[in-house]
Amino acid sequence: LKRIGTRPAVIILGWSWKVSGFSVIEKIKIIIADFSGFTRLVLSDILNAEVDLEVLDTAENGDDLLRKIKAEKPDLIIADYDLPKNTRLFCFRRIQQDYQIPILLLISRDQVTEDFIFQTMKVGIYDYVKIPTHTILPQFRKIQTEILLKVRAVMDIKNFQKTLAKPVTKSSSWNTL
């Protein structure tokens with residue numbers, strides 16, 4: 001049993017039912033891109049443990065990521081800033097131009113400057129998470145909540161942007177004027 005809000009839910013093959021009624025949870029489909037196999041494994045475990053998240057695949061470099069995006073069509077990318085074959089954020093810029101998929105950036109830098117944030121936002125980064133420099137499991141568990149909150153927040157922003165992009169239609173009350 002997992003909880004959906006305050007009610008327990010039964011999870012069977014990706015579908016969920018609230019105990020008091022039927023409700024289908026649409027999963028956020030994610031691709032993780034990081035050169036570290038350990039980081040990809042730990043993040044996959046953290047995300048797949050959530051009822052509303054699903055890791056479709058992982059990638060170890062920018063070229064691999066672009067191929068997997070085309071095949072899998074994810075809702076969100078979680079990618080390391082220092083991803084191999086991502087010269088000067090080229091891969092992230094291309095993802096935005098070709099697919100418009102939000103990106104949550106993983107960075108292991110000690111200091112993040114305003115200029116750095118500005119440059120990454122220009123290429124489509126929605127938010128970032130500072131990850132431990134020396135990746136060991138207990139350190140990832142410390143930032144687990146932050147990662148989960150930011151994944152959902154990025155998707156909320158993307159969904160809000162979609163609603164703003166919908167064309168406005170005239171209602172019948174406008175015709176009576």
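This structure is a prediction, so every number in the text was calculated from the model and none was measured.
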Handout entry: Min side-chain heavy-atom separation Phe90-Val123 under 4.5 Å
Key = no
Practice task
Starting from the C-alpha separation in whole Å, work towards a yes-or-no answer on side chain to side chain contact (heavy atoms under 4.5 Å, CB included) for Arg93 and Lys122.
Solution key: CA-CA 8 Å; Arg93 192 174 289 116; Lys122 282 181 18 182; over 6 Å; no
Exercise for the section: Determine whether Ile46 and Phe38 fall in the same hydrophobic cluster, where Ile, Leu, Val, Met, Phe, Trp and Tyr are linked whenever their side-chain heavy atoms lie under 4.5 Å apart. Expected result: yes
Exercise for the section: Mind checking the CD1-CD spacing from Ile147 to Glu50? Nearest 0.5 Å is all I need. Expected result: 11.0 Å
Exercise for the section: Flag the pair Thr39 / Asp80 as yes when at least one side-chain heavy-atom distance between them is below 4.5 Å, and no otherwise. Expected result: no
Problem - Spatial distance of atom CD (Gln100) from atom NZ (Lys162) [nearest 0.5 Å] - result: 10.5 Å
Problem - side chain to side chain contact (heavy atoms under 4.5 Å, CB included) between Ile101 and Ile31, intermediate numbers included - result: CA-CA 11 Å; Ile101 299 171; Ile31 292 180; over 6 Å; no
Handout entry: Val154/Lys158 under side chain to side chain contact (heavy atoms under 4.5 Å, CB included): CA gap, chis, key distance, verdict
Key = CA-CA 6 Å; Val154 166; Lys158 183 67 175 179; 5.6 Å; no
Practice task
State yes or no: do Met121 and Leu83 share one hydrophobic cluster built from I, L, V, M, F, W and Y residues joined by side-chain heavy-atom distances below 4.5 Å, directly or via other members?
Solution key: yes
Practice task
May I ask you to decide if Val55's main-chain N or O and Asn48's side chain share a donor-acceptor pair within less than 3.5 Å?
Solution key: yes
Exercise for the section: Mark yes or no: Lys85 above the aromatic ring of Phe35, with NZ or CZ under 6.0 Å from the six-membered ring centre and no more than 45 degrees from the axis. Expected result: no
Exercise for the section: Treating Ile, Leu, Val, Met, Phe, Trp and Tyr as nodes and any side-chain heavy-atom pair under 4.5 angstrom as an edge, say whether Ile157 and Met155 lie in one connected cluster. Expected result: yes
Problem - Ile77 vs Tyr99 side-chain heavy atoms within contact, under 4.5 Å - result: no
Problem - Leu47 side chain reached by Ile78 side chain, heavy atoms, under 4.5 Å - result: yes
Fill in the blank from the handout: Scanning both residues in full, the closest heavy-atom pair of Asp75 with Pro102 reads O-CD, 3.3 Å
Problem - Ile30 vs Pro74 side-chain heavy atoms within contact, under 4.5 Å - result: no
Problem - side chain to side chain contact (heavy atoms under 4.5 Å, CB included) between Leu43 and Asp34, worked out - result: CA-CA 10 Å; Leu43 285 176; Asp34 195 297; 5.6 Å; no
Exercise for the section: Could you tell me the separation between the CD1 atom of Ile131 and the OG atom of Ser36, rounded to the nearest 0.5 Å? Expected result: 8.0 Å
Problem - Carboxylate-amine/guanidinium contact Arg152 Asp52, below 4.0 Å - result: yes
Fill in the blank from the handout: So CG of Leu66 and CZ of Arg94: to nearest 0.5 Å the spacing works out to 5.0 Å
Handout entry: Shortest non-hydrogen separation from Leu65 to Ala33 and the atoms involved
Key = CD2-CB, 3.9 Å
Exercise for the section: Applying salt bridge (charged side-chain N to carboxylate O under 4.0 Å, His left out) between Asp57 and each of Lys68, Lys70, Arg40, report the one that passes. Expected result: Lys68
Completion exercise
Closest heavy-atom pair, Leu105 versus Ile125, reported as atoms and distance to 0.1 Å, is CB-CG2, 3.6 Å
Problem - Contact check, side chains of Tyr128 and Ile117, non-hydrogen atoms, under 4.5 Å - result: yes
Exercise for the section: Report yes if some heavy atom in the side chain of Glu72 is under 4.5 Å from a heavy atom in the side chain of Lys29; otherwise report no. Expected result: no
Practice task
For residues Gln96 and Ile103, determine if any side-chain heavy atom of one lies less than 4.5 Å from a side-chain heavy atom of the other.
Solution key: yes
Practice task
Please answer: with hydrophobic residues joined when any side-chain heavy atoms are less than 4.5 Å apart, are Phe116 and Phe92 in the same cluster?
Solution key: yes
